[in-house]
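These notes concern the structure reproduced below.
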Amino acid sequence: MSNDDLQVRVQHFAALKSKYQATNYEDLSPSSLLYLILRKADLEFEITDFEWNWLQEQELLKTIEAIEYEPQRRAEELRKVDTEFYQLKSKFKVTKRHDLRLSSPLYPILWKLDSEHQLIQSEVNYLKEQGLTETLAIAQEMAQFAALKDKYKATRYQGAFPDSPLYKILNKLEAGEHLSDADCNWIITNDLLETLEMYWQVEAEKEADFSHLKAKYQVSRNQGKFSDSILYPILQQVDSEELLNEYEINWLVQEKLFEIVTINQQRAEKREFARLKVKYKANQYEDLSLSSPLYKILQKLEGDNHLEEEEICCLQEQRLTDTLTIAHEKYATSLKEKIKLGEKLNESEVEWIKLNECKDILAFLKQKHFAALKAKYQFVALRSEIPPETLYEIMLQLEEGKRLDRLMVAQLIVNDQLSPNGKIAIAHHTLEATFYEQEYKRTGNKWNLVSASSDWRKAKNPQKASELTNNLNFNKIPGDELKSALLTTRGTAFRDVENFSEAEKCAKQAIDYCPHGYEPYLLMATICKRQQKYEDYVFWENEAIKRGAELGDEDYELKRMVKNIKDEVKLQEVVEYLLKEDPRQYAWANSYLKQPKDQGN
């Protein structure tokens with residue numbers, strides 16, 4: 001054994017003798033049996049009977065007691081450490097799910113925090129990994145507290161936990177807040193005079209700055225005290241060109257400090273002007289004056305409003321072509337959105353679309369309008385072969401109160417779009433009835449009353465149909481056929497409202513005037529059918545057939561319309577359309593077809 005090793009063992013033996021109260025044993029040789037026994041006791045190995053007896057022989061009674069008491073001492077020490085760990089976990093907000101053993105790295109970390117030592121990065125990472133966010137927050141606050149103590153010369157204060165009154169005071173100082181009298185008294189009581197002097201110095205500087213700002217912005221010297229005034233932070237914001245919030249503006253108005261409000265408002269508007277210039281690509285325009293016409297133009301664009309001619313000229317003069325393009329696109333988009341929402345465009349908006357040749361918007365407008373009209377007139381595209389352009393034109397004419405072209409009417413009939421209860425049919429017949437009424441007033445020709453009455457009935461307005469013939473003096477009406485036709489249409493109107501007695505009276509008078517015409521006989525047949533007088537119905541129907549009635553003629557309405565077309569060119573157009581659609585079904589139209597002149601004559 002080397003001398004160094006021997007010396008170490010001697011020192012170790014001496015320490016053990018002291019710990020186990022065996023200092024009266026003079027031998028310090030590491031080869032002594034006592035050294036072996038004390039080493040075994042310190043390492044918690046079992047002491048043999050021989051060894052116990054030897055200790056008694058040497059009269060080392062206190063040593064025997066110390067060895068016997070060691071396990072109990074160790075247990076008590078362990079309980080103390082465990083209690084300390086529990087208290088540290090509670091103090092630093094470690095939850096129960098992190099109730100780790102003493103061997104955990106958490107114990108030395110908490111011990112370190114409690115000793116006011118800052119954590120190294122690996123220890124911070126460990127807290128993060130364990131999800132100990134509250135513990136980490138306390139550690140960070142403690143570090144912040146230590147930094148503030150150093151900054152504000154309060155390091156002589158021993159406390160480091162964030163619940164300390166000093167931490168709150170130092171945070172106030174850091175935020176530039178005013179300290180209360182209680183805060184100042186606490187600082188004095190804890191003999192932190194350097195900290196207080198620093199605070200007073202800062203307050204004096206703020207007071208001087210406050211006075212300077214009040215003078216700069218022409219605020220009365222007596223307007224508010226620095227210590228409790230909201231004015232100072234407001235003036236600081238104004239001086240640093242920060243915008244004020246609504247509460248601060250309202251306070252200034254209440255205090256009648258309108259000049260500062262005006263400064264803030266102008267500054268906000270200039271920033272808005274600058275923002276709009278960037279947004280609408282007008283940065284080459286350097287003037288930021290709020291009186292600039294460009295500012296009002298950009299505001300208008302921001303509100304999705306259409307620019308007037310002089311405003312467009314202004315942009316052109318300034319060569320702001322990108323701005324003009326954006327304005328055009330933005331207004332076009334707003335119009336599209338308006339159309340999409342089903343809102344009606346005014347004349348100026350439609351005119352703008354046409355002038356700017358916005359074909360896509362015109363097409364979209366037409367599409368939406370067409371869809372709205374089809375919904376309004378309950379158009380159902382079952383077996384309909386009417387071209388969309390023609391159908392749209394038909395509905396437009398109905399909307400504008402214009403009579404339909406005869407070819408349009410033929411197309412509607414052929415494609416089953418003039419069904420008795422359809423809204424297209426009602427609108428069409430209303431226009432026709434109105435036209436024939438006006439023609440009657442213009443010409444006095446009572447055949448127009450026959451047509452008007454017929455169309456009013458088809459427009460589901462039999463009351464109006466009967467009113468047209470209320471005050472006629474049949475004795476003064478020339479021509480039995482006209483009288484018969486007027487009475488027939490009048491009787492049909494009565495039939496429609498189920499006034500069968502008046503309807504029958506009119507039908508029989510019509511027969512008297514014109515017994516060879518089948519129309520009044522058909523009227524009598526339908527009156528009897530409505531009243532369920534089936535034998536009479538069969539009689540009158542047969543009488544109508546004898547006089548040329550074709551029952552169940554699907555083309556009756558077409559034949560009637562074609563017969564009444566006066567314009568030869570329009571007549572040929574309608575006939576050619578019918579023969580092209582179905583030459584077999586509409587073969588009767590051949591009789592109206594104008595034959596080409598023989599080239600050899």
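No more than 12 heavy atoms of other residues, nucleotides or ligands sit less than 6.0 Å from atom CD of Glu535. Taking a 6.0 Å sphere around CD of Glu246, one finds it holds 12 or fewer heavy atoms contributed by other residues, nucleotides or ligands. Residue Lys300 qualifies as enclosed at atom NZ: its count of foreign heavy atoms under 6.0 Å is above 12. Atom CD of Glu467 has more than 12 heavy atoms from other residues, nucleotides or ligands within 6.0 Å. Atom CD of Glu481 has 12 or fewer heavy atoms from other residues, nucleotides or ligands within 6.0 Å. Enclosure of atom CZ in Arg319 is not indicated, since only 12 or fewer non-hydrogen atoms of other residues, nucleotides or ligands lie within 6.0 angstrom. More than 12 heavy atoms of other residues, nucleotides or ligands shown are found within 6.0 angstrom of CD on Glu310.
Residues Tyr586 and Val575 form no side-chain contact, since every pair of their non-hydrogen atoms from C-beta on lies 4.5 Å or further apart. In this structure the side chain of Ile424 reaches within 4.5 angstrom of the side chain of Met395, judged on heavy atoms. Annotation: side chain of Cys313 is not in contact with side chain of Glu311 (no heavy-atom distance under 4.5 Å). Looking at Ile230 and Tyr247, their side chains come closer than 4.5 Å, going by heavy atoms from C-beta outward. Here the side chains of Glu439 and Asn445 are not in contact, with every heavy-atom distance at 4.5 Å or above.
Side-chain atoms of Asn590 come within 3.5 Å of backbone N or O of Ala587 as a donor-acceptor pair. A donor-acceptor distance shorter than 3.5 angstrom exists from the side chain of Ser591 to the backbone of Trp588, with no hydrogens or angles considered. At distances below 3.5 Å, not a single donor-acceptor pair connects side-chain atoms of Ser454 with backbone N or O atoms of Val450. In terms of modelled atom types and a separation under 3.5 Å, the side chain of Asp536 and the main chain of Cys528 share no donor-acceptor contact. Between the side chain of Ser466 and the backbone N or O of Phe494, no donor-acceptor pair lies under 3.5 Å. In this structure a side-chain-to-backbone donor-acceptor pair under 3.5 Å is present from Tyr521 to Pro515. Using modelled atom types, no side-chain atom of Asn264 and backbone atom of Ile260 make a donor-acceptor pair closer than 3.5 Å.
Within the structure, side-chain hydrogen bond (donor to acceptor under 3.5 Å, both in side chains) contacts touching residues 482-491 (residues at least two apart or in different chains) are Ser453-Thr489, Thr469-Arg490, Asn470-Arg490.
Here the CG atom belonging to Leu404 is positioned 9.5 Å from the CD atom belonging to Glu393, to the nearest 0.5 angstrom. Considering CD1 of Ile477 and NZ of Lys446, their distance stands at 5.5 Å, rounded to 0.5 Å. For the atom pair CG of Leu472 and CG of Leu449, the computed distance is 6.0 Å after rounding to the nearest 0.5 Å. To the nearest 0.5 angstrom, Trp456 atom CH2 is 6.0 Å from Glu437 atom CD. Residue Lys570 holds its NZ atom at 8.5 Å from CD1 of Ile565, rounded to the nearest 0.5 Å. Atoms NE2 and CG, from His212 and Leu235 in turn, are 10.5 Å apart once rounded to the nearest 0.5 Å.
Checked for salt-bridge contact, Glu399 and Lys423 miss the test: no charged N lies under 4.0 Å from a carboxylate O. Salt-bridge formation is not detected for the pair Glu541/Lys529: no Lys NZ or Arg NE/NH1/NH2 atom is positioned less than 4.0 Å from an Asp or Glu carboxylate oxygen. Contact check on Arg547 versus Glu543 returns a salt bridge, with a Lys/Arg side-chain nitrogen under 4.0 Å from an Asp/Glu carboxylate oxygen.
Using cut-offs of 30° and 60° for the angle between ring planes, the Phe474 and Tyr513 rings count as parallel.
Heavy-atom minimum distance, Glu432 versus Arg406: OE2-NH2, 2.8 Å. Closest heavy-atom contact between Asp322 and Lys281: CB-CB, 3.8 Å. The nearest pair of heavy atoms linking Trp447 to Ala485 is CZ3-CB, 3.6 Å. Contact record, Glu504 with Ile527: N-CD1, 3.7 Å, taken as the closest heavy-atom pair. The two residues Arg530 and Arg495 have their closest heavy-atom pair at NH1-O, 3.3 Å. Leu487 approaches Cys506 most closely through the heavy-atom pair O-CB, 3.4 Å.
With no hydrogens or angles considered, no side-chain donor-acceptor pair links Gln572 and Glu576 at under 3.5 Å. A donor-acceptor contact closer than 3.5 angstrom is absent between the side chains of Arg457 and Thr492. Checked by atom type, the side-chain pair Tyr577/Glu573 shows no donor-acceptor distance below 3.5 Å.
In this structure, Arg442 fails the cation-pi test against Phe435, since its NZ or CZ atom is not both closer than 6.0 Å to the six-membered ring centre and inside 45 degrees of the ring normal. For the pair Lys214 and Phe210, the cation-pi criterion (under 6.0 Å, within 45° of the ring axis) is fulfilled.
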Working for side chain to side chain contact (heavy atoms under 4.5 Å, CB included), residues Glu519 and Leu522: CA-CA 5 Å; Glu519 286 86 354; Leu522 279 180; 5.8 Å; no

Residues Lys270, Leu290; criterion side chain to side chain contact (heavy atoms under 4.5 Å, CB included); working and verdict: CA-CA 7 Å; Lys270 282 187 177 182; Leu290 299 179; 3.9 Å; yes

Step-by-step side chain to side chain contact (heavy atoms under 4.5 Å, CB included) determination, Gln236 to Asp209: CA-CA 9 Å; Gln236 283 182 306; Asp209 186 43; 4.1 Å; yes

Residue pair Leu257, Ile234: steps toward the side chain to side chain contact (heavy atoms under 4.5 Å, CB included) verdict: CA-CA 11 Å; Leu257 295 171; Ile234 289 177; over 6 Å; no

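Legend: residues meeting side-chain contact (heavy atoms from CB on, under 4.5 Å) with Asn473, ordered by chain and number and at least two apart, are Asn475, Lys476.
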